[in-house]
Amino acid sequence: MSILDNLNDMQKKAAKLVEGPGLILAGAGSGKTRTITYKIAYMVKEMGIEKENILALTFTNKAANEMKERIKKLMNENTADMQVSTFHSFGVKLLRMYGSNIGFTSNFNIYDTDDSMSIIKKIIKKLVLRNELTPRAYLAKISKLKEDEIMPEDYEKMVNISINANREFYDIYKEYQDELKKSNSMDFSDILYYTKKLTENKRILPILQDRYRYILVDEYQDTNKLQYAIIKNLASKYKNIWVVGDEDQSIYAFRGADISNILNFEKDYDNVNIIRLEQNYRSTSNILNLANSVIKNNMTSLGKKLWTTNEEGKKIVLFDAETPYQEARYIAKVIKLSNRNLNEFAILYRTNYQSRIIEQELLAEGIKSQVYGGLSFYSRKEIKDLMSYLILINNPNDSVNFERAITNPKRKIGAKTIADIVEYANKNNLNYIEALDVNNTAKLKEFKNLMEYLIDFSENNNISSLLQEIIDKTEYLAYIEKEDNYEDRVLNIQELYNSIIEIEKNNTDLKLDEYIQTISLSSSLDDMSDNSVVKLMTIHSSKGLEFETVFLAGFESGLFPNSKSLEDENEIEEERRLLYVALTRAEKELYLTYSKSRMVNGVTIYNKMVSEFFYDMDKNYINHINKIENPYKKPASNVENFNPLKKIKNDSKYKIGQIVIHKSYGKGKVKKVDDKAITVEFSVGEKRIAANLADKFLI
DNA sequence: CCGCTCGATGTTTTT
DNA sequence: CATCGAGCGG
Ligand SMILES: Nc1ncnc2c1ncn2[C@@H]1O[C@H](COP(=O)(O)OP(=O)(O)OP(=O)(O)O)[C@@H](O)[C@H]1O
């Protein structure tokens, strides 16, 4: 009897190859995650490898939790000593331990997007700009630069700084980074950037390499440059690294995910074991075939074959609704009439805001549901307010949370006074609590006393008591009493309190800095507790998960594929991969729904059409019910073959007869060039490669 | 300094 | 629609 008895031959082979590098490149539902988790259990239980020598990384909190749970079950022991987490939490862990080597103390804070945004806004207001962008745009640019390891100093050297726009951007970027540094804080990109720096440190790297001897990465297709480099550095000594992924499920390009990381993996190490899995265990053949009919339209797809011995199952339902409410009521009705356990259902959508109406209509039918993701629990005002005290106590240099704490509840201290305090702090190298001495007013004295009292209190009490003390001493509840949703807010605060109690149960001397860092990386509802509720989430957060019945809501033009993506073939392909992910989450039943009308930014749009991707789908697997005729004429061409995503021209630099080298297929000869793709003959046969992606695959 | 009103503005997706 | 910032009166 081996743990591996429950794997098929190929999976077993992959699981047993413990030493050396390996890659599992396989389609959805073929058991990649299963293989990884079994492999880990096997390594520990049957190979005697120490848990602490294993590092298993993935991309989202949900996936990491899921993986941890599965391993725990298989091993039947806890996974506390094993690092199974997202890249970011792994990074934070290392930075806590070794950050002092690169100028951070271990109580650093993590700034989420809101925090970063407020810094940027402040900077913009202060500077006089001629070429002003939106704060959002600045942040996007900054995080892109960081992924390329271009810090402000590097940027200054890199661009022509006499150009006004460059100069202005540099000023903002520099100021932003200085502000983070002063606050002993990092944003999400910094976590990876500085983690990579640690893995380059001559003294620290060997320690890490010896600690994390066996590295496994799930969803490897979604790693970005920094993550790639971190892994590479850690693995360079023992080279025990297994990565798994599926290029058809790469859906985080907007965040810097680079598909060539997985496509080039075999070049990174000698003697890479490559395993392909082709049997899908998850879905009915109807679902699988439908998904295949979609993804094969992507020119980046390597065209893996996937088959299943599962039953054919029901056809996939397409439902036309007049309004989003009707769409949601239809879903609610199907769930209600099924009489099945609610946890068998998931409702997926492209954008978070779609969840509101669905949640509301489910509730109206008495169906319990849980929305995952979206506005994080920790980004609610009342939670942020209270957290700002904890953070300030932990790190009195934090400017963002200092401002938040001192102004909530209102203390008749405003912008002017705060600016004075900040300036005074900077000038005299004081933290913000010390700097409250800037003037002698009773207001400031009172706040200072409060904070000193709380800091003192925090030294002898646990975090839950500290939170209670903050609520009491600031009279926080009285402050929010007159706001809308007072009761909800109190419940949220209660939940915050309970969650701390919960953590303290398992970790009796939970440190404040550790607590703060942990929750900065979580959105509260990441753990998929097996409650009897219908789960609602974006397709992005559903990656790696599976459900008996999946509803894909808002399967309509403009929304999915998102209208913003239509300009760029790469983005359309990414949207199509997203659809592939959505479809392949379903085990038994799949419903696609869309609405003819939808309100966007306060304006209702009518006569909306089904998603362009519907025309990719093989209609043999579709059961189109409640067909609503469109008042507008359909295109004259045969609808079944009509593809609204007809491509745009592309002047190719490739010529017929030219010899090219493909990253996976090796040497080949160009046969045909058109505006969509080039056709190349390789030893393995003829392949079409998207024209605008050719550079990615051909050297 | 605070809170209110009014007008401008705008969304993918997550850590 | 709903969120955010500017501007104003108390
Ligand atoms: N050899 C097997 N025997 C029985 N069930 C299997 C086997 N391999 C995989 N499965 C089941 O198939 C389902 C999909 O597996 P898993 O989630 O590991 O796939 P995956 O390749 O990671 O999928 P995705 O890429 O979509 O995340 C799971 O329910 C898993 O338990």
Side-chain angles (χ1 to χ4, degrees), chain A residues 57-64 85-92 110-118 121-122 124-125 134-137 139-140 143 146-147 186-193 195 219 222-224 226-227 250-257 324 348-357 372-376 378-379 381 406-418 441 443 479 482-484 517-523 526 537-543 554 558-566 571 574-575 577-579 581-582 598-605:
Chain A
L57 296 174
T58 183
F59 219 60
T60 61
N61 290 311
K62 254 197 285 305
S85 69
T86 62
F87 278 90
H88 285 83
S89 7
F90 175 58
V92 167
I110 297 162
Y111 277 179
D112 65 17
T113 313
D114 286 345
D115 299 329
S116 297
M117 197 79 95
S118 68
K121 282 178 184 162
K122 226 169 49 192
I124 292 176
K125 220 181 276 171
T134 63
R136 223 167 209 297
L139 272 184
S143 100
K146 285 182 181 173
E147 267 156 33
M186 303 187 197
D187 65 17
F188 288 127
S189 313
D190 285 340
I191 294 173
L192 298 178
Y193 175 84
T195 301
E219 312 284 9
D222 280 323
T223 47
N224 68 21
L226 291 170
Q227 292 162 331
S250 164
I251 55 175
Y252 283 103
F254 69 92
R255 217 173 94 176
L348 309 182
Y349 35 78
R350 181 65 180 80
T351 59
N352 280 303
Y353 70 73
Q354 289 172 257
S355 66
R356 259 206 27 226
I357 291 174
Y372 292 85
L375 181 68
S376 150
Y378 295 101
S379 51
K381 173 178 160 50
I406 199 170
T407 51
N408 295 284
K410 301 285 171 248
R411 298 187 165 82
K412 303 196 183 304
I413 299 170
K416 178 73 179 64
T417 313
I418 291 173
T441 55
K443 294 180 295 197
Y479 163 58
K482 32 194 181 317
E483 302 199 16
D484 313 344
Q517 287 158 0
T518 313
I519 63 153
S520 305
L521 294 176
S522 77
S523 60
D526 289 325
M537 66 187 89
T538 62
I539 303 167
H540 281 89
S541 7
S542 76
K543 194 161 66 148
L559 188 58
F560 189 22
N562 195 279
S563 48
K564 306 239 166 340
S565 72
L566 292 177
E571 287 185 40
E574 174 138 327
E575 295 276 307
R577 288 193 292 271
L578 195 54
L579 175 59
V581 169
R598 192 171 298 269
M599 174 146 12
V600 182
N601 293 344
V603 192
T604 304
I605 304 178

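All values reported here derive from a predicted model rather than from experimental measurement. First the proteins, then the strands, lettered A, B, ... as listed; each starts at 1.
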Look at all strands and tell whether Arg411(A) reaches a base, only sugar-phosphate, or nothing, counting heavy atoms closer than 4.0 Å. sugar-phosphate
Identify which nucleotide among dT11(B), dC1(C), dT15(B) has an atom closest to any side-chain atom of Thr113(A), counting heavy atoms from C-beta outward. dT15(B)
Starting at CG of Asp187(A) and ending at C1' of dT15(B), how long is that distance when rounded to a whole Å? 10 Å
Relative to the ring of His88(A), is the ring of Phe188(A) parallel (under 30°), tilted (30 to 60°) or perpendicular (over 60°)? perpendicular
What's the spacing between Tyr349(A) OH and Arg356(A) CZ if we round to 0.5 Å? 12.5 Å
What is the distance, rounded to the nearest whole Å, between atom OH of Tyr111(A) and atom C1' of dT14(B)? 21 Å
Tell me what Gly414(A) touches on the nucleic acid: a base, only sugar-phosphate, or nothing, going by heavy atoms under 4.0 Å. sugar-phosphate
Would you indicate what Glu147(A) reaches in the nucleic acid, counting non-hydrogen atoms under 4.0 angstrom: base, sugar-phosphate, or nothing? nothing
What is the separation between atom NZ on Lys410(A) and atom P on dC1(B), rounded to the nearest whole Å? 12 Å
Both Lys416(A) and Glu574(A) contact DNA chain B. Taking the nearest nucleotide for each, which residue is further toward the 5' end? Lys416(A)
d(CG, Asn601(A); P, dA8(B)) in whole Å: 16 Å
Quick one: Arg255(A) CZ to dT13(B) C1', roughly how many Å, whole number? 10 Å
Take the protein atom CD1 of Ile539(A) and the nucleotide atom P of dT11(B), then report the distance between them rounded to whole Å. 20 Å
Could you state the atom-to-atom distance from CG of Asn408(A) to C1' of dC2(B) in whole Å? 12 Å
Nucleotide nearest Lys564(A) when distance is taken to its side chain, options dT11(B), dA6(C), dT13(B): dT11(B)
Applying a 4.0 Å non-hydrogen cut-off, can you work out what Ile413(A) is touching in the nucleic acid: base, sugar-phosphate, or nothing? sugar-phosphate
